[in-house]
Amino acid sequence: MNVCRELNQIYDLLLDRYGPQYWWPGKTRDEIIIGAILTQNTNWKNVEKAIDNLKSENLLSLHSIEHSSLDLISKCIRSSGYYNQKAKRLKSIARYFNQYGYQVFIEKSITNFRSELLSINGIGPETADSILLYAFDKPTFVIDAYTKRIFHRLDFLPRSPSYDDVQRFYMNNIQKDVKLFNEYHALIVRHAKECCQKIPQCSNCVLLNSCKFKKKIV
DNA sequence: AGCCAGGACTGAG
DNA sequence: CTCAGTCATGGC
């Protein structure tokens with residue numbers, strides 16, 4: 001299929017330009033899960049400070065989070081914004097994962113795992129998919145505002161597509177490969193931050209300058 | 001000085 | 001189901 005080839009070409013252009021991103025920027029599963037909550041609608045720089053604070057209070061694990069006070073947590077994560085909400089969300093997700101060892105979750109089917117995550121208050125589709133892909137290597141494509149913006153500009157998507165529609169678009173048109181899903185989303189974020197938000201750099205945009213995709217820009 | 005970040009929930013129409 | 005309002009700090 002044509003779209004299929006184009007999505008692979010875009011991936012190659014981004015990979016050539018930026019190189020592999022080796023996401024998620026966090027080592028342990030707990031740290032990835034915690035970061036996924038903290039980064040909701042928030043600059044990653046602010047999240048890093050929050051993570052540093054959690055680490056110095058020994059709160060960078062789901063077990064310590066579950067047994068810590070809401071007050072201390074929200075104090076640590078203040079810089080990430082929405083700190084009252086996010087402190088509660090961290091508690092909820094800690095309670096969920098602490099029910100069993102990680103092996104139980106590793107063995108879960110992606111469908112069941114995803115719907116369980118979505119039933120937790122404060123976990124929407126993007127956070128769920130980030131956790132599935134980056135903490136558990138489950139093959140699901142993470143959609144965010146950048147993805148919608150960039151691919152709308154390239155004329156692959158309508159103006160305000162639903163999360164599930166966009167996700168189906170990728171899942172139906174590229175190989176179901178964890179490594180590819182991982183790098184693709186990371187590259188989109190890298191490209192958005194580095195190029196599409198800053199006017200000068202945008203004139204060197206690897207996507208807009210490719211003859212293949214140039215004609216699609218209005 | 002605004003504007004906006006790697007969202008999600010709620011209530012209203 | 002679509003959509004504004006809400007949550008909130010820090011960087012540019």
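Order of the sequence lines fixes the chain letters, A, B, ..., with proteins taken first and strands second; residue numbering starts at 1 for each chain. What you see is a predicted model; the values in this text were computed from it and never measured.
The CD1 atom of A/I65 lies 7.5 Å from the CG atom of A/L60; values are rounded to the nearest 0.5 Å.
A/L118 places its CG atom 8 Å from the P atom of B/dC9, with the value rounded to the nearest Å. Nucleotide C/dA8 holds its P atom 9 Å from the NZ atom of A/K88, rounded to whole Å. In this entry the distance linking CD1 of A/I77 with P of B/dA5 reads 21 Å, nearest Å. Counting to the nearest Å, the C1' atom of C/dG10 and the CD1 atom of A/I51 are 16 Å from each other. Taking atom CG on A/N53 and atom C1' on C/dG10, their separation rounds to 14 Å, with Å as the unit. Atom P of nucleotide C/dT6 and atom NZ of A/K86 are separated by 18 Å, given to the nearest angstrom. For the pair A/E48 CD and C/dG11 P, the interatomic distance rounds to 11 Å; values are reported in whole Å. Rounded to an integer number of Å, the gap from A/E126 CD to B/dC9 P is 12 Å.
The stretch residues 33-46 of chain A touches DNA chain C through A/N41, A/N46, each having a heavy atom within less than 4.0 Å of the strand.
Using a cutoff of 4.0 Å between basic side-chain nitrogens and carboxylate oxygens, A/K55 and A/D52 are not scored as salt-bridged. A salt bridge between A/R190 and A/E194 is present, with a side-chain N of the basic residue lying under 4.0 Å from a carboxylate O of the acidic one.
Across B/dG2 and C/dA8, the matching P atoms stand 23 Å from one another, rounded to whole Å. A distance of about 15 Å separates the P atoms of C/dA4 and B/dC4, rounded to the whole Å.
Annotation: side chain of A/L90 is in contact with side chain of A/L38 (closest heavy-atom distance under 4.5 Å).
For A/F97 and A/F136, the distance between ring centers is under 6.0 angstrom.
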CA sep, side-chain torsions, deciding dist, call: A/T127, A/T39, side-chain contact (heavy atoms from CB on, under 4.5 Å): CA-CA 9 Å; A/T127 308; A/T39 196; over 6 Å; no
Stepwise side-chain contact (heavy atoms from CB on, under 4.5 Å) test for A/I93 and A/I131: CA-CA 11 Å; A/I93 194 131; A/I131 291 170; 3.7 Å; yes
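Nearest to the side-chain atoms of A/N121 among the listed nucleotides C/dG11, B/dT10, B/dG7 stands B/dT10. Of the listed nucleotides (C/dG10, B/dA5, B/dA8), C/dG10 has the atom at the smallest distance from the side chain of A/R78.
Using cut-offs of 30° and 60° for the angle between ring planes, the A/Y134 and A/H185 rings count as tilted.
Of the two residues contacting DNA chain B, namely A/I120 and A/Y134, the nearest-nucleotide position lying further toward the 5' end is that of A/Y134. Between A/R89 and A/R149, it is A/R149 whose nearest contact on DNA chain B lies nearer the 5' terminus.
Base engagement by A/G81 is indicated by at least one non-hydrogen atom pair under 4.0 Å involving a base atom. Looking at heavy-atom distances under 4.0 Å, A/I123 makes contact with sugar-phosphate atoms alone, never a base. A/Y83 comes within contact range of the sugar-phosphate backbone alone, with a heavy-atom separation under 4.0 Å but no base atom that close. Nucleic acid contact for A/Q85: base, since at least one base atom lies under 4.0 Å from a heavy atom of the residue. A/K193 comes within contact range of at least one nucleobase, with a heavy-atom separation under 4.0 Å.
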